[in-house]
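What follows is one structure encoded as structure tokens, with my remarks underneath.
When reading the values below, keep in mind they use all heavy atoms of this one structure, side chains included, and skip hydrogens, waters and symmetry mates. Along the sequence shown, residues are numbered consecutively beginning with 1.
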Amino acid sequence: MQNKGYYIRSEFDLIDKIQWIEFINKHKEGNIFQLPYFYNIYLDTKLHEPFVFALYKSDDSLVGILLGVKINYFSFASKITSRAVIIGG
């Protein structure tokens, strides 16, 4: 998705992890829960589906990132009881 010199990446493998870590470490409100390591933790956790959105300028500089997790509840109503959570965001 591109718009006015910005674009979004939502595929974990296409986001530069070093750039991501540096962005979080330099941000005044950055925290451990928004680092790529937590994506992998959520990925390995039963009933959790991580998602990420990275906002880039047209020069490929990272200007924003959001890491979240969809928590699925094991039940017949899981489609209406699941929730998305942004931890530390």
Side-chain angles (χ1 to χ4, degrees):
M1 171 187 221
Q2 290 198 307
N3 186 6
K4 297 184 182 182
Y6 294 90
Y7 64 96
I8 295 173
R9 286 189 182 148
S10 59
E11 300 86 8
F12 179 77
D13 293 334
L14 298 179
I15 299 170
D16 183 296
K17 307 312 178 285
I18 293 173
Q19 195 178 24
W20 180 349
I21 292 166
E22 287 175 355
F23 180 82
I24 295 298
N25 286 338
K26 290 178 184 175
H27 196 283
K28 68 178 182 171
E29 294 184 32
N31 62 71
I32 191 170
F33 300 107
Q34 289 294 308
L35 291 171
Y37 313 114
F38 268 82
Y39 184 96
N40 291 317
I41 290 170
Y42 298 139
L43 196 60
D44 292 336
T45 303
K46 187 177 178 179
L47 302 177
H48 286 61
E49 295 176 44
F51 58 87
V52 63
F53 297 100
L55 179 65
Y56 289 88
K57 287 175 115 175
S58 58
D59 66 359
D60 293 329
S61 60
L62 183 63
V63 295
I65 194 145
L66 178 76
L67 172 62
V69 61
K70 179 183 168 198
I71 303 171
N72 300 300
Y73 296 98
F74 185 74
S75 73
F76 69 92
S78 64
K79 291 195 187 257
I80 60 171
T81 60
S82 297
R83 62 188 178 130
V85 178
I86 312 299
I87 300 173

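The OH atom of Y6 sits 7.0 Å away from atom CG of L55, with the distance rounded to the nearest 0.5 Å. Once rounded to the nearest 0.5 Å, the distance linking CG of N72 with CZ of R83 reads 11.0 Å. The CG atom of N25 lies 6.0 Å from the CG atom of L35; values are rounded to the nearest 0.5 Å. To the nearest 0.5 Å, atoms NZ (K26) and CD1 (I21) are separated by 12.5 Å. Taking CG from N31 and CD1 from I24, the interatomic distance works out to 7.0 Å, rounded to the nearest 0.5 Å.
The neighbour count for L14 CG, taken as heavy atoms of other residues, nucleotides or ligands under 6.0 Å away, is above 12.
In this structure the side chain of I86 reaches within 4.5 angstrom of the side chain of F51, judged on heavy atoms. By the 4.5 Å heavy-atom criterion applied to side chains, D16 and L62 are not counted as neighbours. Within the 4.5 Å cutoff, side-chain heavy atoms of Y56 are placed close to those of I15. By the 4.5 Å heavy-atom criterion applied to side chains, I87 and Y42 are counted as neighbours. Contact of the I32 side chain with the F38 side chain is registered, since non-hydrogen atoms from C-beta on lie closer than 4.5 Å. Within the 4.5 Å cutoff, the side chain of V52 has no heavy atoms near those of the R9 side chain.
When all heavy atoms are compared, the tightest approach of Q34 to I65 is OE1-O, 4.2 Å. Taking each heavy atom of S58 and Y7 in turn, the nearest pair found is CA-CE2, 4.4 Å. Between P36 and K17 the shortest heavy-atom distance is CB-CD, 4.1 Å.
Ring geometry, F12 versus W20: the interplanar angle exceeds 60°, so the pair is classed perpendicular (tilted spans 30 to 60°).
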